[in-house]
Number of protein chains: 2
Amino acid sequence: MFDMSEILKEQFQKIITIEPADFEYILGHFTYKKFKKHQFLVQEGQQVTFDYFLISGCVKSYYTDENGKMHILLFALRDWWITDYEAYYYQKRAIVNIDCLEDTEVLCLSNDNREKLCQEFHQVEHFFRRKTNRRNVALQNRILSLLSSNAKQRYEKFLLEYPSLAQRLPKHILASYLGVTRETLSRLYVQK
Amino acid sequence: MFDMSEILKEQFQKIITIEPADFEYILGHFTYKKFKKHQFLVQEGQQVTFDYFLISGCVKSYYTDENGKMHILLFALRDWWITDYEAYYYQKRAIVNIDCLEDTEVLCLSNDNREKLCQEFHQVEHFFRRKTNRRNVALQNRILSLLSSNAKQRYEKFLLEYPSLAQRLPKHILASYLGVTRETLSRLYVQK
DNA sequence: AAAATAATGTGACGTAGATCAAAATTATTT
DNA sequence: AAATAATTTTGATCTACGTCACATTATTTT
């Protein structure tokens, strides 16, 4: 693995310190993969073998309800991790789909390898605990914003928090993340 | 500390194995506290010193919006952990309140002690990683249900998932957790 | 570059759930 | 047991947002 491993290394180094040799060893537990726009990383009903660390591109994770309506749970960009964690951690069938909004490169980590590395390196376990803590906080804030603010406020908050993502995403996709229809989102920003 | 430590021990032992002596040592990093109904564990705007492991009782964590409306994020019962994690992990001011719905006993763990124990015992770090993973999945599912289902479906799901909690909670509190007004919740279950 | 497909915008109308107000019930305190 | 406070219910409206339908504009594909 080449240059792309730098992105992963950087992320590790923000939280823990690793010997170069250890990093190489750790990296050996990841596999590199490329996906084209519209390809799936995770499909509803299937097993989920990997957690994906994005090197480049953009993906969405979404749930399809009984009426066929899509609800977006998460996006991921360069440097973010994504999978269906319930399925991944607990060997269940995926309930979400994850597909590419753009051509995407990832490093894949199986749950077995993750557990192996966590056992072998206390530091890696520490790293993942920290990551999960962060994710927790983000998810909590999302719940808060769904409970306590209206469509417009959520839209404006999103623009502030993720200005570049907002530009990159088709509006109907963003609408679905915000929990409104594309029509409503459109009406939010044309006027005022 | 006496008998109540059993509840904590049990939880540890579901995930990791610890020597009795180590457990005693770990327990030494917790402090025991009692709260009466209506007392606060965490107050908005204050620092958050502890993560709380409930021994008995029941608490709610809620956010108060600009109109003074309360939005419940989480409950905790015997055997659950609760705090304002963003404030706790990252030394910020609390944005939520956590108060007691019943008289409540807790074991308190400071973030410093948590980090200390995680460093000293790889197993403890493992324990908390696992816990946080679980919490993640639960939060994700909550988001999913807020995005994709209506008030009635959310209410019915709650009844199925937490039948005993549903009985224990005042309806207006439950309503706030579900993201509806008490009037709406009342109308959901009187008819059909 | 034409054809096909996907994304966005706009109008007309419907509805789940909010809001406001007041009564009825239940729990707590003195 | 009376008094006070908290919780729950019910009715009458209101409104943010959804739905449906169709027009317009981009983006892909051939």
Side-chain angles (χ1 to χ4, degrees), chain A residues 35-40 57-60 62-72 75 97 99-104 145-159 165-192, chain B residues 36-39 57-58 60 62-72 75 97 99-103 145-159 165-192:
Chain A
F35 291 92
K36 293 238 159 255
K37 189 170 173 176
H38 296 130
Q39 282 194 300
F40 287 87
C58 181
V59 307
K60 67 174 193 285
Y62 62 99
Y63 169 74
T64 307
D65 70 22
E66 66 266 30
N67 312 311
K69 265 192 65 175
M70 163 179 109
H71 304 276
I72 294 182
F75 298 110
N97 287 289
D99 71 3
C100 299
L101 292 162
E102 304 173 2
D103 291 356
T104 296
S145 108
L146 286 171
L147 285 177
S148 71
S149 53
N150 64 26
K152 188 167 189 183
Q153 294 169 319
R154 273 177 271 146
Y155 175 58
E156 278 162 3
K157 193 176 165 210
F158 189 90
L159 287 183
L165 227 195
Q167 296 224 294
R168 216 157 147 186
L169 295 173
K171 310 278 183 181
H172 68 108
I173 295 288
L174 175 52
S176 165
Y177 176 86
L178 294 172
V180 295
T181 58
R182 66 202 161 78
E183 292 95 331
T184 296
L185 179 62
S186 167
R187 286 174 176 118
L188 286 180
Y189 61 81
V190 295
Q191 74 239 17
K192 259 221 81 230
Chain B
K36 294 238 161 254
K37 189 170 172 176
H38 296 130
Q39 282 194 300
C58 181
K60 66 174 192 287
Y62 62 99
Y63 169 74
T64 307
D65 69 23
E66 65 265 31
N67 312 312
K69 265 192 66 175
M70 163 180 109
H71 304 277
I72 295 182
F75 298 109
N97 287 289
D99 72 3
C100 299
L101 292 162
E102 305 174 3
D103 293 356
S145 109
L146 285 172
L147 285 176
S148 72
S149 54
N150 65 25
K152 187 166 188 183
Q153 293 169 320
R154 274 178 271 145
Y155 174 57
E156 278 162 3
K157 194 177 163 207
F158 189 91
L159 288 183
L165 228 195
Q167 295 225 295
R168 218 157 147 184
L169 295 172
K171 310 278 182 181
H172 71 281
I173 296 288
L174 175 52
S176 165
Y177 176 86
L178 293 173
V180 295
T181 58
R182 65 204 155 79
E183 291 94 332
T184 296
L185 179 61
S186 168
R187 287 178 175 112
L188 286 181
Y189 61 80
V190 296
Q191 75 241 14
K192 264 237 58 237

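In this text, all values refer to a predicted model and were calculated from it rather than measured experimentally. Naming convention: chains lettered A, B, ... in sequence-line order (proteins, then strands); numbering from 1 in each chain.
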d([atom1], [X]; [atom2], [N]) in whole Å:
{"X": "B/His71", "N": "C/dG17", "atom1": "NE2", "atom2": "P", "result": "16 Å"}
{"X": "A/Gln167", "N": "C/dT8", "atom1": "CD", "atom2": "P", "result": "13 Å"}
{"X": "B/Lys36", "N": "C/dT29", "atom1": "NZ", "atom2": "P", "result": "11 Å"}
{"X": "A/Lys171", "N": "C/dT10", "atom1": "NZ", "atom2": "C1'", "result": "16 Å"}

Nearest heavy-atom neighbours spanning A/Tyr177 and B/Leu147: O-CD2, 4.1 Å
Ion pair A/Asp103/A/Lys36, N-O distance below 4.0 Å: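 Counted as a salt bridge, because a side-chain N and a carboxylate O are separated by less than 4.0 Å.
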Protein-to-nucleotide contact annotation, 5' to 3' order, nucleotides 13-30 of chain D [B base; S sugar-phosphate only; - none; under 4.0 Å, heavy atom]: ----SBBB-------S--
Those residues that, when tested against A/Lys157, pass side-chain contact (heavy atoms from CB on, under 4.5 Å) (two or more places apart): A/Ser145, A/Glu161
Bend angle of the helix from C/dA1-D/dT30 to C/dT30-D/dA1, from helix axes over five pairs at each end, nearest 10°: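 Axis-to-axis angle, ends of the helix: 60°.
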From B/Asp99 atom CG to B/Cys58 atom SG, the distance as rounded to the nearest 0.5 Å: 10.0 Å
Residues forming a side chain to side chain donor-acceptor pair (under 3.5 Å) with [X], sequence neighbours excluded:
{"X": "A/Asn150", "answer": "none"}
{"X": "A/Glu156", "answer": "none"}
{"X": "B/Ser176", "answer": "none"}

B/Tyr155 side chain reached by B/Val180 side chain, heavy atoms, under 4.5 Å: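 Contact flag for B/Val180/B/Tyr155 side chains = no.
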Phosphate OP1/OP2 of C/dT8 contacted by A/Tyr189 side-chain N/O (<4.0 Å): no
